[in-house]
Protein chains: 2
Amino acid sequence: MKVSDSELKLLEVLWQQSPLTVGQVIQRVQINAKWHENTIKTLLMRLTKKQAVKRHKDGRRYFYQANVEKDTLLSEETQGFLAKFFGGRVSPFIAHFNKTNKLSSDEIKELEAILAKMKQEND
Amino acid sequence: MKVSDSELKLLEVLWQQSPLTVGQVIQRVQINAKWHENTIKTLLMRLTKKQAVKRHKDGRRYFYQANVEKDTLLSEETQGFLAKFFGGRVSPFIAHFNKTNKLSSDEIKELEAILAKMKQEND
DNA sequence: ACTCAACAACTACACGTGTAAACTGCAAGC
DNA sequence: GCTTGCAGTTTACACGTGTAGTTGTTGAGT
């Protein structure tokens, strides 16, 4: 499921809470982005068309909800990103990240904790 | 510096070796991608226009070379990616990655090694 | 001198995306 | 009943991108 940057913002809203009407989506999106409501309607349309969002009728209006899971989309995007820039592997990514962005020692600790948990699960 | 997917492939070639003439670029790119040579020329043009590539004349032809460093571009893309999907932080990314993609124990070891090195450098 | 391959430069064209305006109901309030 | 506001739908339009075709130029080989 390929969604554009703007479309993603709408999905974020729908992942947080759903189903929502257009009006509710507009409200929530506009907290962070100053888009015209028609823009948001267009994006919702496009998402519906590409089946990233589904809707069901209630009287004369629809309730919208995400039709892709967040984790699914994150995985796809992550894979694409790693493939495109780091040969599909995660450790070159981390290595690069540290080279230029310098992780704080707190972040390093956090990563260590995550790794430790992974090792357990892997047993 | 924002470059498209296709343009990135050309940069990869130029990062490996440069300067190169159009013909040389075409040859190298075509090892991996079956693009028409005019496509490659167009992409080189666009890269030149957006100053991701620079060229210098030699007689009636040009030699091309990257004008962005690979590390710079990777950093930008990495930041963009993390911001877009993981609140700009790297550990949620790793956590997610493990949740769906399961790192092999070799990869976990590799990451541990990288972390260990980071800690040293951080001292 | 003529031809041809390689290069430069310009043009093309469809599709996705960002960003909306315009038009069409209808339901609720005045 | 007429107006207004919101939902839905359709249309618009510029810009980037993928993917080339066309035209003009020239150095090198015959």
Side-chain angles (χ1 to χ4, degrees), chain A residues 1-14 18-30 32-65 68 73 76-77 80-81 83-85, chain B residues 1-14 18-30 32-65 68 73 76-77 80-81 83-85:
Chain A
M1 184 57 51
K2 187 79 189 123
V3 302
S4 80
D5 288 16
S6 304
E7 289 165 352
L8 180 65
K9 299 271 176 64
L10 300 210
L11 281 180
E12 299 274 13
V13 165
L14 290 171
S18 71
L20 297 177
T21 65
V22 168
Q24 294 172 319
V25 172
I26 290 176
Q27 268 185 34
R28 278 153 226 245
V29 168
Q30 285 183 336
N32 300 304
K34 68 276 161 269
W35 292 334
H36 195 282
E37 48 168 79
N38 283 338
T39 301
I40 298 171
K41 286 192 216 169
T42 300
L43 292 174
L44 261 187
M45 270 295 177
R46 290 181 183 166
L47 282 168
T48 304
K49 192 153 299 173
K50 58 171 88 162
Q51 311 208 50
V53 157
K54 68 178 168 220
R55 59 185 198 175
H56 60 272
K57 215 169 207 130
D58 168 82
R60 56 182 219 83
R61 48 195 74 170
Y62 292 100
F63 279 92
Y64 295 82
Q65 59 196 302
V68 246
L73 200 146
E76 288 171 8
E77 295 285 349
F81 171 75
K84 186 168 167 192
F85 295 107
Chain B
M1 185 56 52
K2 188 74 191 129
V3 301
S4 79
D5 287 16
S6 304
E7 289 166 353
L8 179 65
K9 299 274 176 63
L10 299 211
L11 280 180
E12 298 275 11
V13 165
L14 291 171
S18 71
L20 296 177
T21 65
V22 168
Q24 293 171 318
V25 172
I26 290 176
Q27 268 185 32
R28 276 153 227 243
V29 168
Q30 284 182 337
N32 300 302
K34 67 279 160 271
W35 293 334
H36 193 281
E37 49 167 80
N38 282 339
T39 300
I40 298 171
K41 286 191 211 168
T42 299
L43 291 174
L44 261 186
M45 269 296 176
R46 290 181 183 167
L47 282 167
T48 304
K49 191 152 300 169
K50 57 171 89 163
Q51 311 207 52
V53 156
K54 69 179 170 223
R55 58 186 198 174
H56 61 271
K57 214 170 206 123
D58 169 80
R60 56 179 222 82
R61 48 194 76 171
Y62 291 100
F63 278 92
Y64 293 82
Q65 61 196 299
V68 246
L73 201 146
E76 288 171 10
E77 295 285 349
F81 171 76
K84 186 168 167 193
F85 295 107

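Order of the sequence lines sets the chain letters (A, B, ...), proteins ahead of strands, with each chain counted from 1.
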Notebook entry, point to check: Please give, in whole Å, the distance from C:dG16 P to A:Leu8 CG?
Noted result: 19 Å

Check: In terms of the nearest nucleotide of DNA chain C, which residue is placed more toward the 5' end: B:Arg46 or B:Gln24?
Finding: B:Gln24

Notebook entry, point to check: Checking all strands, does B:Lys2 fall into the base, sugar-phosphate, or nothing category for heavy-atom contacts under 4.0 angstrom?
Noted result: nothing

Checklist line | Touch class at under 4.0 angstrom, heavy-atom based, for B:Tyr64 against every strand present | finding: sugar-phosphate

Check: If each of B:Thr21 and A:His36 is mapped to the nucleotide of DNA chain C with the nearest heavy atom, which maps nearer the 5' terminus, i.e. the 5' end?
Finding: B:Thr21

Notebook entry, point to check: Does C:dG18 have OP1 or OP2 sitting under 4.0 Å from an N or O in the side chain of A:Ser4?
Noted result: yes

Notebook entry, point to check: Which of the following nucleotides, C:dG18, D:dG8, C:dC7, is nearest to the side chain of B:Val22?
Noted result: C:dC7

Checklist line | NZ (B:Lys2) with more than 12 external heavy atoms under 6.0 Å | finding: no

Item checked: B:Lys50 or B:Thr39, whichever maps to the more 5' nucleotide of DNA chain D -> B:Lys50

Next item on the list: Ignoring the backbone of A:Met45, work out which of D:dA20, D:dT10, D:dC6 is nearest its side chain.
Entry: D:dT10

Next item on the list: When you get a sec, tell me which of D:dG8, C:dA9, D:dC6 is the closest nucleotide to the side chain of A:Tyr62?
Entry: D:dG8

Checklist line | Salt bridge B:Lys50-B:Glu7, side-chain N to carboxylate O under 4.0 Å | finding: yes

Notebook entry, point to check: Between B:Arg61 and B:Val22, is any pair of side-chain heavy atoms under 4.5 Å apart?
Noted result: no

Check: What nucleotide, of C:dC7, D:dT10, C:dG18, holds the atom closest to the side chain of A:Asp5?
Finding: C:dG18

Item checked: Where A:Val3 and A:Ala52 come nearest, the two heavy atoms and their spacing -> CG1-CB, 4.1 Å

Margin query: Looking at B:Glu76 and B:Leu73, would you say the former's side chain and the latter's main chain have a donor-acceptor pair under 3.5 Å?
Written below: no

Check: Considering only D:dG18, D:dA20, C:dG18, which nucleotide approaches the side chain of B:Trp35 most closely?
Finding: D:dA20

Check: Toward the 5' end of DNA chain D, which comes first, B:Ser6 or A:Asn38, by nearest nucleotide?
Finding: A:Asn38

Next item on the list: Taking only the side-chain heavy atoms of B:Arg60 (C-beta and beyond), determine which of C:dA6, D:dG18, D:dA7 contains the nearest atom.
Entry: C:dA6

